[in-house]
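First the structure, in the form of structure tokens, and then the observations on it.
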Amino acid sequence: MPVDVFQEDGTYIAVCKPLDLASQGDTPEEARANCREALMLFITSCYARGTLDQVLLEAGFMPESETEDSSVGAEAGEMIDIPISLVAHAQASAA
């Protein structure tokens, strides 16, 4: 996920522009870690509500198989990994 980190008034700000999400910290590392945690919570929440695909598509994301180059978006900032576990549950059919 692309994240830009900058300093403002003695505080470090980490911004994920594609998802319009930001966090802060006393160091660049803390700002990144806080942003990573906020992204994990946001993505997990969207998944739980069933809106993750829509949110990501509206933010300009597409499946990697549809891109010609896997580095697409890398120029937008530093890339950070978002460690989340999502488990698909089969929908119970009404009998």
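Numbering of residues begins at 1 and proceeds along the displayed sequence.
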Might you point out which heavy atoms bring Ala14 and Ala31 nearest each other, and give the distance in Å?
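The pair with the smallest heavy-atom distance is CB-O, 3.4 Å.
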Nearest non-hydrogen partners of Ala59 and Pro18, listed with the distance
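Residues Ala59 and Pro18, closest heavy atoms: CB-O, 3.2 Å.
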Who pairs with [X] by side-chain hydrogen bond (donor to acceptor under 3.5 Å, both in side chains), at least two apart in sequence or on another chain?
X     : answer
Ser45 : Arg49
Arg32 : Glu78
Glu58 : Gln54

Interatomic spacing from [atom1] in [X] to [atom2] in [Y] - rounded to 0.5 Å:
X     : Y     : atom1 : atom2 : result
Leu52 : Phe42 : CG    : CZ    : 8.0 Å
Ser23 : Glu30 : OG    : CD    : 8.5 Å
Met1  : Cys35 : CE    : SG    : 9.0 Å
Thr27 : Tyr12 : OG1   : OH    : 8.0 Å
Gln24 : Gln7  : CD    : CD    : 12.0 Å

Does Leu56 reach the side chain of Met62, with side-chain heavy atoms less than 4.5 Å apart?
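Leu56 vs Met62: side chains apart.
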Note, Leu19 side chain near Leu39 side chain (heavy atom, < 4.5 Å)
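In contact.
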Is it true that, when you exclude Glu37 itself, more than 12 heavy atoms of the residues, nucleotides or ligands shown sit nearer than 6.0 Å to its CD?
no
Going hydrophobic residue to hydrophobic residue with side-chain gaps under 4.5 angstrom, can you get from [X] over to [Y]?
X     : Y     : value
Val15 : Leu21 : no
Val3  : Met40 : yes
Val55 : Ile43 : yes

